[in-house]
Amino acid sequence: MNQNSEKKTLKGGEFVIKETCYRDIFIPEEFDEESQMIRQTCADFLKTEVLGHLDRIDSQEEGLMESLLDKAGDLGLLGVSIPEQYGGFGKDFNTSMLVADAVGGGYSFAVALSAHTGIGTLPILYYGSDEQKENYIPKLTTGQWKAAYCLTEPDSGSDANSGKTSAKLNAEGTHYLINGQKMWITNGGFADIFIVFAKIDDDQHLSAFIVERDFGGITMNPEENKLGIKGSSTRQLFFNDCPVPVGNLLSERGNGFKIAVNILNIGRIKLGAATIGSARSVISQAVKYANERQQFNLPIAKFGAIRYKLAEMAIRLFANESAAYRAGQNIDDAFARLVNEGMDEAKAKLKSVEQFAIECAIIKVWCSEMLDYVVDEGVQIYGGMGYSAEAPMERAYRDSRINRIFEGTNEVNRLLVVDMLLKRAMKGELDLMGPAQAVVEELMAIPDFEDETDAPFVREKKLISNLKKAGLMVAGAAVQKLMMSLAKEQEILMNIADIIGGVYVAESVLLRAEKLHFNKGAAESTYAADMAKVYLYTTIDQVYAAAKEALYSFGEGDELQMMLVGLRRFTKAQPFNVKDARRRIAEKLIDENAYCF
């Protein structure tokens with residue numbers, strides 16, 4: 001992967017208050033030949049081993065999913081980011097994102113693989129002792145043993161630390177006896193290793209344990225009958241005096257909640273990457289069908305309403321892909337910096353992801369909602385066939401829905417975005433109030449009418465800057481007006497999150513288009529520019545709506561009127577013909593008969 005030692009990488013969340021230069025971001029077009037070969041290996045694996053057997057997978061044919069994971073292990077797909085000393089390839093974070101993307105179109109198989117390589121394996125890799133890592137990681141890397149993650153309980157979902165599963169030391173002091181119930185456990189039916197979260201005695205915080213199925217004391221309910229991802233093993237597990245050797249306590253006592261949070265950060269951004277791969281597959285299928293399906297003696301791809309759908313699907317995918325790999329490289333850069341400063345590699349991995357937890361949450365939300373839009377429009381393009389289980393859209397539609405619930409619901413993640421920003425501001429890690437105050441002062445001043453320019457993307461970058469000001473204005477006013485009660489005003493927090501996340505994705509795709517423009521020229525970056533501009537102009541309307549709703553919720557009098565005037569100023573844009581831009585994008589898709597960007 002191309003690296004630039006002079007990059008000026010922002011800290012996590014700093015995008016809200018600072019401008020990013022296109023030179024300082026990574027775009028998917030920069031993946032090197034080796035990474036592209038890994039991507040192709042994943043694509044070939046799906047084609048030969050998975051996509052032709054989807055009905056067998058969904059029926060949970062005995063032993064089939066395990067055999068697929070075994071074959072993936074033989075190819076090294078389970079160990080792309082695992083250090084070489086444990087049998088992996090030792091690749092960087094963004095390459096592991098690429099693998100999640102490349103297998104994302106694998107329906108239930110993608111879920112099983114992601115659970116195994118992510119939340120099932122990484123807690124041991126990042127928090128395990130040397131002995132634990134040497135004992136378990138090589139077996140997980142090859143697929144000899146399969147992994148699952150046991151956090152959720154019937155009364156403990158988003159509030160993970162409220163779990164009731166208990167662990168007590170036996171009289172001999174050799175084993176913890178675990179008792180409790182876990183639910184929605186992916187890979188639960190066949191996993192050999194479980195990462196189990198429980199409270200020791202009367203502890204306030206969870207601890208984590210590495211539990212082998214063969215330890216005993218584990219029973220489970222039948223497979224859940226789910227709306228989608230039917231091929232993914234999902235079980236309730238019951239622990240009845242399950243004896244776990246004291247040496248299998250993961251990390252320190254009471255550190256389980258921290259483990260859960262940090263691993264979920266990784267899971268969120270990896271889920272975003274997986275939805276990108278899934279969306280790419282769905283769009284290609286929709287384009288092919290639109291070219292083949294005849295109505296009124298014409299392929300339906302000839303009609304403007306269908307072209308709008310195809311283009312908008314591609315635009316949202318392209319934009320979210322830009323954001324995901326931008327953040328992935330930020331994590332890699334932060335990791336390299338921390339290691340150079342002397343930090344242990346395992347700790348640096350966790351710290352680098354933690355630093356960009358805000359971006360991870362944004363990508364989880366925006367990517368999962370992007371995929372839901374894509375599959376919904378895919379069904380619509382297929383028409384009646386879209387509703388039939390004989391066509392591919394029905395499975396894609398059902399399988400997509402879980403992504404807005406996985407890894408923390410989208411509502412929780414939206415609230416986390418704002419909560420983390422405000423907490424970092426209160427700790428002095430991020431100066432939000434200074435820029436917010438500057439926006440207030442700008443509102444009191446005479447507007448600055450700058451000369452128009454024809455330089456590429458200057459107007460668009462100015463719009464991004466203004467949208468950030470709109471977000472700072474709303475957030476700053478909400479904090480000042482509501483103070484400690486803001487935490488209870490979830491509707492307003494969601495409005496602020498919608499502004500922040502929308503601007504992050506819009507800025508990411510604009511930076512990608514700008515980098516392509518300067519690296520490859522205007523002609524080679526035409527479609528990227530069109531997609532970036534359409535996405536930005538759509539985001540302007542979304543920011544205006546979210547900001548206005550928030551301001552109406554707590555503003556009043558002259559102050560409210562001043563902020564509404566400011567909002568109109570910050571969301572003012574020169575006209576741009578989004579219809580023609582979408583038509584150009586759709587024409588390219590139709591000509592290529594696939595997603596091609």
Asks: Would you say Lys468's side chain and Phe15's backbone share a donor-acceptor pair under 3.5 angstrom?
Replies: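 Confirmed, Lys468 side chain pairs with Phe15 backbone.
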Asks: Does the ring centre of Tyr595 sit less than 6.0 Å away from the ring centre of Phe597?
Replies: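 Yes: the rings meet the under 6.0 Å criterion.
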Asks: Can you check whether Ala334's main-chain N or O pairs, donor with acceptor, with Gln355's side chain at less than 3.5 Å?
Replies: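 No; judged by distance alone, with no hydrogens or angles, the pair does not exist.
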Asks: Could you go step by step and tell me if Glu49 and Lys71 meet the salt bridge (charged side-chain N to carboxylate O under 4.0 Å, His left out) rule?
Replies: CA-CA 9 Å; Glu49 302 290 348; Lys71 291 176 181 179; 3.1 Å; yes
Asks: Could you tell me how the ring of Tyr325 sits relative to the ring of Phe31: parallel (under 30°), tilted (30 to 60°) or perpendicular (over 60°)?
Replies: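 Perpendicular.
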Asks: Using 4.0 Å as the upper bound for N to carboxylate O, is an ion pair formed by Glu359 and Arg326?
Replies: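 Looking at Arg326 and Glu359, the cut-off is not met.
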Asks: With a 6.0 Å cut-off on ring centres, are Phe45 and Phe109 close enough?
Replies: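 Here the rings of Phe109 and Phe45 have centres that are less than 6.0 Å from each other.
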Asks: Is a side-chain N or O of Ser525 found less than 3.5 angstrom from the main chain of Ala528, in a donor-acceptor match?
Replies: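 Pair absent, no side-chain N/O of Ser525 close to backbone of Ala528.
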Asks: Regarding Glu29 and Arg512, does a basic nitrogen lie under 4.0 Å from an acidic carboxylate oxygen?
Replies: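 Result for this pair is yes, salt bridge flagged.
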Asks: Is the backbone of Gly106 close enough, under 3.5 Å, to the side chain of Ser108 for a donor and an acceptor to pair up by distance?
Replies: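 No, the answer is negative, given that no donor and acceptor are paired below the 3.5 Å cut-off.
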Asks: Please confirm whether Arg268 makes a cation-pi placement over Trp366, using NZ or CZ under 6.0 Å from the six-membered ring centre and within 45° of the ring normal.
Replies: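 Relative to the ring axis of Trp366, which defines the angle, Arg268 lies outside at least one limit.
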Asks: Indicate yes or no for a side-chain donor-acceptor contact from Lys18 to the backbone of Lys11 under 3.5 Å, with no hydrogens or angles considered.
Replies: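 Absent.
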Asks: Check whether Phe93 forms a cation-pi arrangement with Lys270 (NZ or CZ under 6.0 Å from the six-membered ring centre, at most 45° off the ring normal).
Replies: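 Lys270 over Phe93 ring: yes.
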